[in-house]
Amino acid sequence: MEQYAIKGGNPLVGDVEIGGAKNAALPILAASTMTDETVHIENMPDVRDINVLLGAMQGIGVLVKRTSRHSAVLNSGNINNLVVDTEGIKKIRASYYLLGALLGKYKRAEVALPGGCDIGCRAIDQHIKGFRALGAEVTIEHGMIKARAERLVGSHIYMDVSSVGATINVMMAAAMAEGKTIIENSAKEPHVVDLANFLNSMGANIKGAGTDVIRIKGVPKLHGSEYTIIPDQIEAGTFMFAAAVTKGDITVKNVIPKHLESITAKLLEIGCEVEEADDCVRVVAAKPLAHTQVKTLPYPGFPTDMQPQITVALGLSKGTSIVTESIFENRFKYVDELIRMGANIRVEGNTAIIDGVDRYTGASISAPDLRAGAALVIAALSAVGFTTVDDIKYIERGYEDFHIKLQNLGAQIELVQTEREFQKFKLRVG
Ligand code: EPU
């Protein structure tokens with residue numbers, strides 16, 4: 001079984017290049033099925049979730065040609081199946097983006113419902129409500145979500161919660177519906193804006209993405225496009241917090257600093273220095289970390305996908321900090337692992353009360369999900385002694401070459417397959 005073997009204690013220092021945003025790439029790839037013409041995508045991250053989605057798209061007849069590790073040419077002119085039901089697709093949340101895309105173009109689709117509830121219950125009622133408002137009949141049967149419509153007709157939809165997934169799905173279907181759709185209380189995340197820009201580059205008419213009211217005039221046909229995906233806000237934020245936790249000095253390159261404002265604000269608050277330039281940010285952690293309070297919120301608030309990373313940092317700060325998770329109900333599972341590394345954290349409902357300790361100590365731990373997994377690796381990089389991290393398949397879902405990027409910053413981390421390889425790693429790094 002693959003594990004990360006880590007020896008902590010080195011401050012991470014140097015430059016790291018951020019890849020394309022996974023959560024923008026997933027809907028953009030799905031939306032590429034909405035035209036018969038060829039679409040060129042650049043800055044696509046080479047991570048597991050993307051590769052699973054591309055595999056499922058090939059399964060329904062999409063021609064996918066990888067022109068380099070980070071770019072692909074896709075043609076959906078010969079889609080021969082509107083039922084998406086591969087084994088892999090059930091494991092990724094974003095499988096349901098194919099529903100909005102195929103429903104928009106073909107007025108019907110069936111997609112295996114995403115399984116796994118690793119960070120709390122993830123409802124899809126708002127997706128269904130949106131599709132129904134556009135005139136689709138939606139049912140869930142035998143693990144499949146099925147949508148079909150004679151005609152899709154624009155509508156006025158008020159989202160009961162700010163949902164990235166529902167906003168994206170309804171936006172895709174509405175882009176090819178007849179007439180005008182208004183989505184109120186829409187999600188404002190950068191990946192929602194990136195998808196709207198991509199759809200517009202294919203001839204859609206979408207205005208207001210990035211605000212809480214999106215206005216869409218449906219068009220009958222979309223055309224080919226060449227598009228470059230935005231940098232990954234959460235990968236960037238993870239390395240920014242890696243600097244804070246390891247008392248390092250990291251320049252995070254190829255980012256949009258505006259997307260990182262809530263992360264930067266918290267790093268400044270806990271005593272890090274942050275320098276911004278056009279497309280990079282440098283984080284220096286020269287002073288002891290200070291305590292703070294943070295609540296996760298939809299964009300532009302502090303992202304839930306950065307909650308474990310900030311908790312790991314606050315676990316090493318002076319005094320008592322409070323972290324409140326307001327998006328997902330079960331996103332503190334990793335705290336037990338952190339406690340095994342010496343953290344002093346108490347979780348009450350959706351709040352973590354953190355009394356900072358001087359240091360973590362290495363332990364044998366498991367990644368419970370993607371972001372928590374990355375956060376635990378960072379904790380291990382600051383810890384005294386050796387750590388092994390299991391279940392790194394979660395981390396590989398969303399971070400490309402994570403351990404290699406960390407090695408390039410001076411981390412002592414290796415991928416090992418066996419206990420013997422771990423022992424060899426220990427001997428080598430002393
Ligand atoms: N919600 C509903 N009904 C719905 C949809 C959502 O009640 O129909 C609730 C959810 O239960 C949750 C809240 O609304 O409490 C927000 O969920 P949202 O729909 O915004 O999340 P998502 O689309 O399922 C995406 C990202 C997540 C990220 C969240 C929040 C993708 C593929 N996933 O999920 O990313 O945490 O938005 O920003 O874009 C990750 O990358 O590690 C990850 C989990």
Side-chain angles (χ1 to χ4, degrees), residues 19-31 45 47-50 52-53 89 91-100 113-133 138 140 145 157-172 183 185-195 212 229-230 232-238 259 262-263 295-309 324-331 333-334 350 367-375 393-400 402:
K22 165 184 81 84
N23 290 346
L26 290 164
I28 285 172
L29 290 172
V47 295
R48 194 165 290 173
D49 278 14
I50 297 292
V52 169
L53 180 66
I89 203 75
K91 299 204 177 99
I92 67 164
R93 191 77 203 154
S95 53
Y96 55 36
Y97 288 151
L98 285 172
L99 197 70
L113 259 183
C117 211
D118 55 5
I119 53 178
C121 184
R122 297 176 76 174
I124 54 164
D125 57 302
Q126 299 303 305
H127 302 239
I128 295 174
K129 170 175 150 169
F131 292 148
R132 285 188 178 144
V138 187
I140 298 178
I145 172 157
I157 301 159
Y158 188 92
M159 293 285 176
D160 298 326
V161 291
S162 167
S163 161
V164 170
T167 303
I168 283 177
N169 240 339
V170 175
M171 188 159 78
M172 287 194 287
I183 309 175
N185 195 25
S186 50
K188 301 188 283 244
E189 271 66 5
H191 26 295
V192 173
V193 180
D194 210 31
L195 172 68
D212 52 14
I229 291 164
I230 53 166
D232 197 303
Q233 171 204 21
I234 305 300
E235 186 193 15
T238 302
H259 293 167
S262 64
I263 297 165
K295 181 175 181 180
T296 62
L297 287 170
Y299 189 82
F302 191 85
T304 173
D305 290 346
M306 287 300 302
Q307 183 260 97
Q309 298 87 320
T324 306
E325 171 58 55
S326 78
I327 310 290
F328 292 111
E329 69 205 13
N330 193 14
R331 216 171 185 175
K333 278 198 293 190
Y334 66 92
N350 68 343
D369 64 67
L370 165 60
R371 306 302 173 188
K393 59 178 188 291
Y394 289 115
I395 301 173
E396 291 168 346
R397 288 178 69 156
Y399 291 89
E400 179 181 310
F402 193 45

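When a ligand or atom number is given, it counts from 1 through the structure's own listing order. Because the structure is a prediction, the values reported are computed rather than measured.
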- Which is closest to atom 37 (O) of ligand 1 in terms of heavy atoms, Val164, Asp305, Ile234?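 Ranked by closest heavy atom to atom 37 (O) of ligand 1, first place is Val164.
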
So which bit of [X] gets within less than 4.0 Å of ligand 1, heavy atoms only: side chain, backbone, both or neither?
| X | result |
| --- | --- |
| Ala123 | both |
| Tyr299 | neither |
| Ile327 | both |
| Asp125 | both |

Give the numbers and elements of all ligand 1 atoms closer than 4.0 Å to a heavy atom of [X].
| X | result |
| --- | --- |
| His127 | 8 (O) |
| Tyr96 | 23 (O), 24 (O) |
| Lys22 | 40 (C), 41 (O) |
| Gln126 | 3 (N), 4 (C), 8 (O) |
| Gly165 | 19 (O), 23 (O) |
| Arg331 | 36 (O), 42 (O), 44 (C) |

Please confirm whether the backbone N or O of [Y] pairs with a side-chain atom of [X], one donor and one acceptor, at under 3.5 Å?
| X | Y | answer |
| --- | --- | --- |
| Asn185 | Tyr158 | no |
| Asn350 | Glu329 | no |
| Glu235 | Gly19 | yes |
| Asp194 | Ile230 | yes |
| Ser326 | Thr296 | yes |

- Item | ligand 1 N/O within reach of Ser163 N/O, cut-off under 3.5 Å |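 N/O-N/O distance under 3.5 Å: yes.
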
- Item | Residues, nucleotides or ligands: over 12 heavy atoms within 6.0 Å of Lys295 NZ |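 Count not over threshold, so no.
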
- Message: Which label fits His127 and Tyr96: parallel for a plane angle under 30°, tilted from 30 to 60°, or perpendicular past 60°?
- Response: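 Aromatic pair His127/Tyr96 classed tilted.
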
- Sidechain N-carboxylate O distance under 4.0 Å for Asp125, Arg132: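 Answer for the salt bridge query: no.
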
